[in-house]
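My questions all concern the structure below.
Counting from 1, the numbers follow the sequence of the chain as shown. Note that ligands are numbered from 1 as they come in the structure, with each ligand's atoms numbered from 1 the same way.
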Amino acid sequence: MPEQSRSVTFKNVSKVYAGSVKAVDGVSLEVAGGSFVALVGASGSGKSTLLKTVNRLIEPSDGEVRIGDEPVAAEPAYLLRRRIGYVFQNIGLFPHMNVGENVAIGLKLAGEHDTRPRVAELLELVELAPELAERMPDALSGGQRQRVGVARALACKPGLLLMDEPFGALDPVTRDGLGKAIRALHDGMGLTTILVTHDMAEALLLADRVLVMEAGRIVADSTPRDLLAGKAGAVADALVAVPREQAHRLAELEK
Ligand code: ADP
Ligand code: MG
């Protein structure tokens, strides 16, 4: 099976944290290989917990996650994670390493010695100037830092990209640009992408399919078009209402 475009299957996945409520409550669904899926929901609805069961930062209390036909538990977590790109808010670049070294971490861990050409290629991929390889993380803008995070996540050519609020701390213009860049990378590289976001407008504009989570359950599962047409239920409608109303108000102003 090629690394690219593999599906992700959740089979009755639950997670109960010690002394806590069910953060994820019996989720079953399949993310098709090559698709771009957004996972949307209010804070605390269980999005991050569900996402982290894929790269085993969290072990489910019940159920199973598979990539392609293979359970994620079938191999050591560090090998699994090499095949999965992971980008999160405030990406956590190592402050004492320059950009190039940060991007090359995964490559070094995988035993590659001459990482320079690949780092240059990765910086180009995320539209960063090659000179930035020498720059320290604290001398980058927030948007540049997230691009470095994306380059690092893609270094080992994963077929699967997991993103958890990757644009959270960015201004709207940077956020929009990075969103488009990631969608282009997804299409160009044939990735399977799961994007966690609390921003419904972003989900609708970037994804092929939108999952809405509430209290640990998937309460809507729809294409952006059907979601906008009000076919995805009350929780989804409420999340769409805000950006829709803003768009109408802007359109009114332009009249
Ligand atoms: P989201 O990403 O949608 O904001 P999370 O998956 O982070 O939601 O959290 C889901 C629920 O699980 C919340 O009620 C949260 O407080 C709880 N939770 C998350 N992480 C932990 C943890 N490590 N220990 C205990 N409870 C947690
Ligand atoms: Mg979260």
Would you compute the distance between atom CG of Leu109 and atom CZ of Arg81 and round it to the nearest 0.5 angstrom?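 Result: 12.0 Å between the selected atoms.
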
Any N/O/S atom of Ser43 sitting less than 2.8 Å from the Mg ion (ligand 2), backbone or side chain? no

When you check the gap from the basic side-chain N to the acidic O, do Arg83 and Glu75 get nearer than 4.0 Å? yes

What residue and atom, counting heavy atoms only, is the protein's closest point to atom 4 (O) of ligand 1, and at what distance? Gly44 N, 2.7 Å

Ion pair present between Glu127 and Arg147, side-chain N to carboxylate O less than 4.0 angstrom? yes

Other residues, nucleotides, ligands: >12 heavy atoms within 6.0 Å of His113 NE2: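 Not buried by this count: 12 neighbours or fewer within 6.0 Å.
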
Could you check whether Glu214 pairs with Arg217 (Lys NZ or Arg NE/NH1/NH2 to Asp/Glu carboxylate O, under 4.0 Å)? no

Shortest protein heavy-atom distance from atom 6 (O) of ligand 1, along with the residue and atom involved: Thr49 OG1, 2.5 Å

Looking only at protein heavy atoms, identify the closest one to atom 18 (N) of ligand 1 and say how far it is in Å. Tyr17 CE1, 3.2 Å

I need the nearest protein heavy-atom contact for atom 7 (O) of ligand 1: residue, atom name and distance, please. Ser48 CB, 3.9 Å

Between Tyr17 and Ser61, do the side chains contain a donor N or O and an acceptor N or O under 3.5 Å apart? no

If we number the atoms of ligand 1 from 1 as shown, the ones under 4.0 Å from a heavy atom of Ala42 are 3 (O)

Answer whether the closest heavy-atom distance between the side chains of Val99 and Asn102 falls below 4.5 Å. no

Can you label the angle between the Phe94 ring and the His96 ring as parallel, tilted or perpendicular, going by 30° and 60°?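 Ring orientation, 0 to 90° scale: perpendicular.
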
Could you identify the single nearest non-hydrogen protein atom to atom 8 (O) of ligand 1 and state the distance to 0.1 Å? Gly46 N, 3.2 Å

Applying a strict 4.0 Å limit to heavy atoms, is Ser43 in contact with ligand 1? yes

Do protein heavy atoms approach atom 23 (N) of ligand 1 to less than 4.0 Å?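 Yes, because at least one protein heavy atom sits under 4.0 Å from atom 23 (N) of ligand 1.
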
Would you say atom 15 (C) of ligand 1 makes contact with the protein, given that contact here means a non-hydrogen protein atom less than 4.0 Å away?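 It does not; no protein heavy atom is within 4.0 Å.
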
Out of all atoms in ligand 1, which are within 4.0 Å of some heavy atom of Ala23? Include the element for each.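 Those qualifying, in numeric order: 10 (C), 11 (C), 12 (O).
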
